[in-house]
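Below, all heavy atoms of this structure are taken into account, side chains as well, without hydrogens, waters or symmetry copies.
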Amino acid sequence: MNSFFKSSVCADKLNDVDHQTSIDGTSHYSLSNGILPSLGARSNRGNILKRFIVAPFDPRYRIWEMFLVLLVFYTSWVSPFEFGFLDKPIKTLAILDNIVNGFFAIDIILTFFVAYLDPQTYLLVDERKLIAWRYIRTWFIFDFVSTVPTEVVDKIIPGSIRAYGFFNMLRLWRLRRVSKMFSRLEKDRNINYFWIRCTKLVCVTLFSVHCAACFYFFLAAHYPDPKKTWIALSFHNFKTENLWLLYVTSIYWSITTLTTVGYGDLHPVNIREMVFDIFFMLFNLGLTAYLIGNMTNLVVHGTSRTRNFRDKIQAASNFSQRNRLPVRLQDQMISHLCLKYRADSEGLQQQEVLESLPKAIKSSVSHYLFYSLLDKVYLFRGVSNDLLFQLVSEMKAEYFPPKEDVILQNEAPTDLYVLVHGTMEFIMQKLGVEQVVKEVKAGDVCGEIGVLCYRPQLFTVRTKRLCQLLRLNRTALLNLVQANVGDGAIIMNNLLEHLKEQEDPIMQEVLRDVEKMLAQGQMDLPLSLCFAAARDDEPLLQHLLKRGCHPDERDMNGRTALHIAAANGNESIATILFAYGAETNIKDSDGNIPFWDAISGKHESMIKLLKDRGGNLALGDVYRYACHALEQDDLQLLKDIARYGGDLTLAGNDGCTPLHAAVTNGDIRAVKFLLDLGAEIDKADEDGWTPRSLADFQGKEDIKELFDFKKKAGLDSAAKFPNKGTGPSGRIIKYPSTGTINVPPGAVQMTQVDKNPRRQVDTFQNSLFGFVSAATRGESADISGFSNILGNQTSRVILRCPEKSGTTKLVMLPKTLQELLEIGSKKFGCHCTKVVTADGAEIDEIDLIRDGDQLSLLCA
């Protein structure tokens, strides 16, 4: 019982929300009386009420209320019956009455603990004193009086007053519960409104007939002359007749009066019956109007949609005939109206529902429904996740019936469409004859050429079957791209690449026109210098620079047009950029400078041009460049780094030198080259490893011999190898992340777009303001805290087994101790159960083992 009182509230809607739980455990909500929270008021959702206070919206309290409503139905029948037909209680009815009164007495007590909503603030009040005071001064007296047992009333009221029947009529006060129940059910979306309304009308009619019948018999039974009553016309001594026969007769006369079928065999005889019939007939006028009005509304509500549909079809037909439209256009008009009616009838008002929701919810729904589709459209391949999400939110879903024109040839470009499902055709008219150019399937886009290039639509797009499309307005698209400048260049590049793949002469002509428009700067899309440099488009580059673009404008990877020109070996683009003041040694987000791009691409003429303009490889991350050359096993590139001013003896941020990387890679040629340049054999990194200790630990005998030779020649210093078991721990392989370093021709490199098609970029850096401000400040792409470390590599340990004396194994350290034992069991051919150190201490955690440790495995 205590858990029943400790209920939380679920009432955070614009209206009172009844939280109901279905049989399968899912939650449903129904709207009740209007509950609008005041401005600035806190929500009722999740309020924790005081102890022993019941929430009025708790599902268990709602069940209790429904149970009381069933008891009210019993009261609504028995109270008028006892009033009209009984002079004293019947034993069975008296027992049932007392049981029912007992339940309502419990409800009176419970009501003192039920929170209520303040009419001013619409917040739940859980103060016991306020709850009690509110109940006492409103409904308590009526509830209490209607619950008092009849036996108690008979002892209090004098016998001259017929208290039995009159007092029972006071219990009809409970009918207010039924009214509240129907009001709530009418707003419940899980229950059919038509049948709830019809049930309510039937209940009202039956209750009226029942009450009138009881009053009819009461008038006849208490009239001084029983022979001058309406029932005496059928029964001369009706008081001796069967009770149920008298009840049915009373019901019959009541319903004939209610339905105004006239008076024939039964009619009022005395003045009391006539007066009652006068008021009853007046009541019937209102009740009949109420019934007819409600039934009419219910019928009209079900047929109005069909009537409106027929009116629209008739109007469209008259319009077509009056204006002598072609049969094809008439069919398209009728088909569209039929599809709209079908969508409304089947609940497919998708766009109407979305428009009625807040922007955040609408965006989330659109993202869930259409993001995966838009992600596959060629036009948006490689754009940022931010832009794609914004595009989905701006798109409108529409349905088109078969054989309907979506886009007309030569019409002004206003929208582009993405096909969700269905099939469409590209149609071109030549000499008045329609020719099918292409078939469009789900995931394809149409109208993009006209929208992006602002030229008349090339084709007529017509549906072949029922199609759902996403429509994006041209203005909305351009506004979004203006806020995401880098993505605009990607979209335009995707369009150009798509046009290049088309073998259709028309598409090739369009490609030439678009490239001409690009060169003249006539495109509405905001294009960047990087886009022009990537396409080797000198006219567009000059146009953008003359228009005020900063020569060091960056893309989303921090690369400038000079980086791209250097990587491509395009001297003319670089010369134009230098003429406008481009910085020679500017870094991108990965620390690359244009000089390194030219060197890694082996563009000799570009290298000479950059060198003449002050290009200095030493201003870049030389250690990182060397590691890249070692990863590619390109000794010539390593030599080029040294030839163009790169100091290969310098260490990176973690103390590693290129010699460390060469030893780890086992490249004897690179080691010899670096030693010839003066690389130090005993220079330790931040973990204490020297090239000599690395070679010794990894068993690189050829490198060790080379080091020994250098030592004998007096070119190295005394070796400082760390003690075994207590030596330095850390990483062995010291390659930094190479990011987007250009690789030599023929080398396979996966781009960032291939790894992750949707970039989560900084919105500011991708915006127009971000591009302009970064270029104006001339920011360096060097990122503070840039890590040159590729990542911790798996540690290596030396395993020994006392039972296999003289045998040692060098293995990679696994993730768990159990895996290490399994590896030892396989290596030594016995069941290993414990791991101990060289000093005999047992190891219980894998994290206690360091790189280079010597371990002993004990077998069972």
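- The closest side-chain heavy-atom distance from L373 to L470 is below 4.5 Å.
- Counting only heavy atoms from C-beta outward, the side chains of L472 and E394 approach each other to under 4.5 Å.
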Q: Just do the side chain to side chain contact (heavy atoms under 4.5 Å, CB included) check on T111 and W139 with the steps written out, would you?
A: CA-CA 10 Å; T111 305; W139 313 123; over 6 Å; no
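- Here W244 contributes atom CH2 and T249 contributes atom OG1; the two are 13.0 Å apart, rounded to the nearest 0.5 Å.
- Taking all atoms of both residues into account, the shortest heavy-atom contact from P149 to N101 is CA-ND2, 4.3 Å.
- Partners of L246 by side-chain contact (heavy atoms from CB on, under 4.5 Å), not counting sequence neighbours, listed by chain and number: F85, F217, I231, F235, F238, E241.
- Between the N479 side chain and the T475 main chain, a donor and an acceptor come within less than 3.5 Å of each other.
- Counting all heavy atoms, side chain and backbone alike, V209 lies closest to S254 at O-OG, 2.9 Å.
- Minimum interatomic distance between R471 and D415 (heavy atoms only, all atoms of both residues): NH1-OD1, 3.4 Å.
- Heavy atoms of other residues, nucleotides or ligands lying less than 6.0 angstrom from CZ of F144 number 12 at most.
- With contacts defined as side-chain heavy-atom distances shorter than 4.5 Å, the pair R176/F142 does not qualify.
- Side chain of S146 to main chain of D143: a donor-acceptor pair is present (N/O by atom type, distance under 3.5 Å, no hydrogens or angles).
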Q | Test log, rule side chain to side chain contact (heavy atoms under 4.5 Å, CB included), inputs Y74 and D97 | A | CA-CA 9 Å; Y74 165 80; D97 286 346; 3.0 Å; yes
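- Listed by chain and number, the residues in a side-chain hydrogen bond (donor to acceptor under 3.5 Å, both in side chains) with S363 are S393 (sequence neighbours excluded).
- Side-chain atoms of T138 come within 3.5 Å of backbone N or O of Y135 as a donor-acceptor pair.
- Under the 6.0 Å distance and 45° angle rule, R134 counts as a cation-pi partner of Y116.
- The side-chain heavy atoms of L219 and T229, taken from C-beta on, include no pair separated by under 4.5 Å.
- Salt-bridge annotation for R174 and D107: absent, with no side-chain N of the basic residue lying under 4.0 Å from a carboxylate O of the acidic one.
- Using a 30° and 60° split on the angle between ring planes, W64 and F67 fall in the tilted class, from 30° to 60°.
- Annotation: side chain of F370 is not in contact with side chain of M395 (no heavy-atom distance under 4.5 Å).
- Residues forming a ring pair (Phe, Tyr, Trp, His ring centres under 6.0 Å) with F276 (at least two apart in sequence, or on another chain): F215, Y216, F280.
- Contact between R128 and R51 at its shortest, heavy atoms only, is NH2-O, 2.5 Å.
- Separation of atoms NZ (K200) and CG (L185) is listed at 10.5 Å; rounding is to 0.5 Å.
- With values rounded to the nearest 0.5 angstrom, L124 atom CG is found 11.0 Å from I53 atom CD1.
- No side-chain heavy atom of V69 sits under 4.5 Å from any side-chain heavy atom of E65.
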Q) Should Y247 and N242 be marked as a side chain to side chain donor-acceptor pair (under 3.5 Å) after you check the CA-CA gap, both sets of side-chain angles, and the distance that decides it? A) CA-CA 9 Å; Y247 176 71; N242 181 273; over 6 Å; no
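- Distance OG1/T75 to CG/L172: 8.0 Å, rounded to 0.5 Å.
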Q. Would F113 and I131 count as a side chain to side chain contact (heavy atoms under 4.5 Å, CB included) if you check the C-alpha gap in whole Å, the side-chain angles of each, and the deciding distance to 0.1 Å?
A. CA-CA 7 Å; F113 298 93; I131 295 173; over 6 Å; no
Q: Could you walk me through whether V178 and F207 pass the side chain to side chain contact (heavy atoms under 4.5 Å, CB included) test, one step at a time?
A: CA-CA 12 Å; V178 180; F207 178 72; over 6 Å; no
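- Taking both residues in full, the closest heavy atoms of L419 and Q468 are given as CD1-O, 3.7 Å, listed atom of the first, atom of the second, then distance.
- D58 contributes atom CG, which lies 9.5 Å from atom CG of L49 (distance to the nearest 0.5 angstrom).
- Note that OG of S366 is 8.5 Å distant from CZ of F389, once rounded to the nearest 0.5 Å.
- Between H210 and P80, the closest heavy-atom pair is NE2-CB, 3.7 Å.
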